[in-house]
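The shown structure was predicted, so the numbers you read here are calculated from the model rather than taken from an experiment. Heads up: numbering here begins at 1 and tracks the sequence.
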Amino acid sequence: KKSDMISIEGGGSLSFSSMGLFRTDEPWTHPVITVDSYELIYVLENDVLIYEGDARCRVAPGELLMLSPHREHGGYGEKNRGTTSFYWLHFYTPDITAWQLPVKRKMPADTEKELREILHFSLTDVRLAELELARFLIQASAERECGSRTAYELREYLRLNASRPLTVAEVAAHFGYSCDHLSRLYRREFGCDLKRGIVGARLRHIEALLLNTDYPLKTIAHMCGFGDENALVKFFGYHEGISPTSYRSRFFRVHRNAH
């Protein structure tokens, strides 16, 4: 449902339409559709192949794609194999140029958490969802790419190894730098030290498993390198201030629906 638009000083106006989390383990390709709203797609798992008009685009995990209204888009190439998941979000704005959004870009590591918050608000208070969406779009237009190739590779290494209990020393040895140098580099690019970056990557991985699967805590603990379920509960509770079970229940209304 299209709501009244909100306006942001120095930005633009928008109204939230709908949002969801798509996930499938079956062979899949994006259906061919034309909609009257702008659409954001943020990929979590598997590359998503989408064409819009004459343009083709491969959207990798961690990337955000914006699709335009009144233009046919759909999947191309062979169907995806394995697990495919992504957030989708529809919104309206009379002037997309006011938001200065790129068509596709690599997003910061905390993007999924921000989208979960918008989704949560969309189910409780659409006006709050619109405010969070406006903030998200402003940040997406302002975010710069990593100034250091090493920093980018470091962030990807943490993401890809988030299921392991990494240490700063282990990461530094992998990249061939001292712990202090690598931590300073990480802080300069991402605003926190490397130890916090490791913890953040593990938390995002655990949160994804809690929200996107039905695995019991014992299984998640094993998958994430914890000795037992209690160690997982203690780690998660210390850093997030909430138990894994309560966190999962809080977002139980997240839609795993077809797109």
Side-chain angles (χ1 to χ4, degrees), residues 1-23 30-31 33-45 48 50 52 57 59-71 73 84-145 190-191 200 203-204 207-208 210-212 240 247 250-259:
K1 180 181 178 180
K2 184 175 179 180
S3 64
D4 294 334
M5 291 194 176
I6 63 168
S7 297
I8 305 297
E9 183 178 357
S13 57
L14 63 80
S15 65
F16 177 90
S17 175
S18 58
M19 181 181 183
L21 172 62
F22 173 82
R23 185 178 190 277
H30 195 293
I33 57 174
T34 302
V35 298
D36 65 350
S37 63
Y38 287 93
E39 180 179 4
L40 300 178
I41 291 179
Y42 178 70
V43 179
L44 300 176
E45 298 175 274
V48 175
I50 296 182
E52 182 181 53
C57 187
V59 193
E63 292 184 332
L64 181 75
L65 176 70
M66 182 180 69
L67 298 167
S68 297
H70 309 298
R71 298 189 66 189
H73 67 267
T84 300
S85 64
F86 58 85
Y87 282 93
W88 56 269
L89 187 156
H90 291 269
F91 70 99
Y92 296 91
T93 182
D95 182 12
I96 194 63
T97 61
W99 299 98
Q100 299 180 339
L101 290 169
V103 173
K104 189 183 82 164
R105 64 151 297 155
K106 184 76 175 177
M107 295 297 288
D110 59 353
T111 296
E112 182 184 2
K113 190 170 186 177
E114 293 181 356
L115 289 172
R116 281 203 305 270
E117 290 177 353
I118 297 174
L119 179 55
H120 175 69
F121 285 133
S122 76
L123 301 171
T124 56
D125 189 328
V126 174
R127 295 294 286 177
L128 289 177
E130 288 178 333
L131 289 172
E132 285 299 306
L133 174 59
R135 183 177 67 84
F136 177 81
L137 296 182
I138 291 170
Q139 289 181 334
S141 65
E143 288 284 355
R144 62 185 176 89
E145 297 295 332
F190 306 117
L203 287 172
R204 287 187 293 272
E207 289 167 357
L210 288 170
L211 297 182
N212 299 334
E240 293 287 56
Y247 182 88
R250 176 178 293 179
F251 293 96
F252 75 98
R253 295 177 66 188
V254 168
H255 298 297
R256 298 180 191 172
N257 58 338
H259 187 260

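- Smallest separation of non-hydrogen atoms from Leu101 and Ala140: CD2-CB, 3.9 Å.
- For the pair Ile41/His73, no side-chain contact is recorded, criterion being any heavy-atom separation below 4.5 Å from C-beta on.
- No salt bridge links Lys113 with Glu117; every basic N to acidic carboxylate O contact stays at or beyond 4.0 Å.
- The closest side-chain heavy-atom distance from Trp99 to Leu14 is below 4.5 Å.
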(Q) Run Thr34 and Arg71 through side-chain contact (heavy atoms from CB on, under 4.5 Å) and show every step you take. (A) CA-CA 6 Å; Thr34 302; Arg71 298 189 66 189; 5.9 Å; no
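- Electrostatic pairing of Glu207 and Arg204 does not count as a salt bridge here, judged by no charged N lying under 4.0 Å from a carboxylate O.
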Q: Decide side-chain contact (heavy atoms from CB on, under 4.5 Å) for Phe16 and Ile118; before the verdict, give the C-alpha distance in whole Å, the side-chain angles of both, and the deciding distance to 0.1 Å.
A: CA-CA 10 Å; Phe16 177 90; Ile118 297 174; 4.3 Å; yes
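- How far CD of Glu39 is from CD1 of Ile33: 5.5 Å, rounded to the nearest 0.5 Å.
- By the ring pair (Phe, Tyr, Trp, His ring centres under 6.0 Å) test, Tyr42 pairs with no residue at all, sequence neighbours left out.
- Taking CG of Leu89 as the reference point, atom CG of Leu21 lies at 12.0 Å (rounded to 0.5 Å).
- Between Glu130 and Ser15, some side-chain heavy-atom pair lies under the 4.5 Å cut-off.
- Tyr38 pairs by the ring pair (Phe, Tyr, Trp, His ring centres under 6.0 Å) definition with Phe91, not counting sequence neighbours.
- Taking CG of Leu64 as the start and CG of Leu115 as the end, the distance is 7.5 Å to the nearest 0.5 Å.
- The closest donor-acceptor contact from the side chain of Ser85 to the backbone of Phe22 lies at 3.5 Å or more, if one exists at all.
- Nearest approach of Pro61 to Lys106, heavy atoms of both residues: O-NZ, 3.3 Å.
- Under the salt bridge (charged side-chain N to carboxylate O under 4.0 Å, His left out) criterion, Glu63 pairs with Lys104, sequence neighbours left out.
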Q: Start with the C-alpha gap between Leu40 and Tyr87, add the side-chain angles, then the distance that decides, and say whether side-chain contact (heavy atoms from CB on, under 4.5 Å) holds.
A: CA-CA 8 Å; Leu40 300 178; Tyr87 282 93; over 6 Å; no
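- Here the closest heavy-atom approach between residue Ser13 and residue Thr93 is recorded as O-OG1, 2.6 Å.
- Between the OG atom of Ser17 and the CG atom of Leu133 there is a distance of 11.0 Å, given to the nearest 0.5 Å.
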**Q.** Stepwise side-chain contact (heavy atoms from CB on, under 4.5 Å) check, Phe121 with Val126
**A.** CA-CA 6 Å; Phe121 285 133; Val126 174; over 6 Å; no
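- Atom-to-atom distance recorded for Leu128:CG and Ser122:OG is 11.0 Å, nearest 0.5 angstrom.
- Side-chain N or O atoms of Glu52 include one that pairs as donor or acceptor with a backbone N or O of Ser68 at under 3.5 Å.
- The line from OG1 of Thr84 to NE2 of His30 is 11.5 Å long, rounded to the nearest 0.5 Å.
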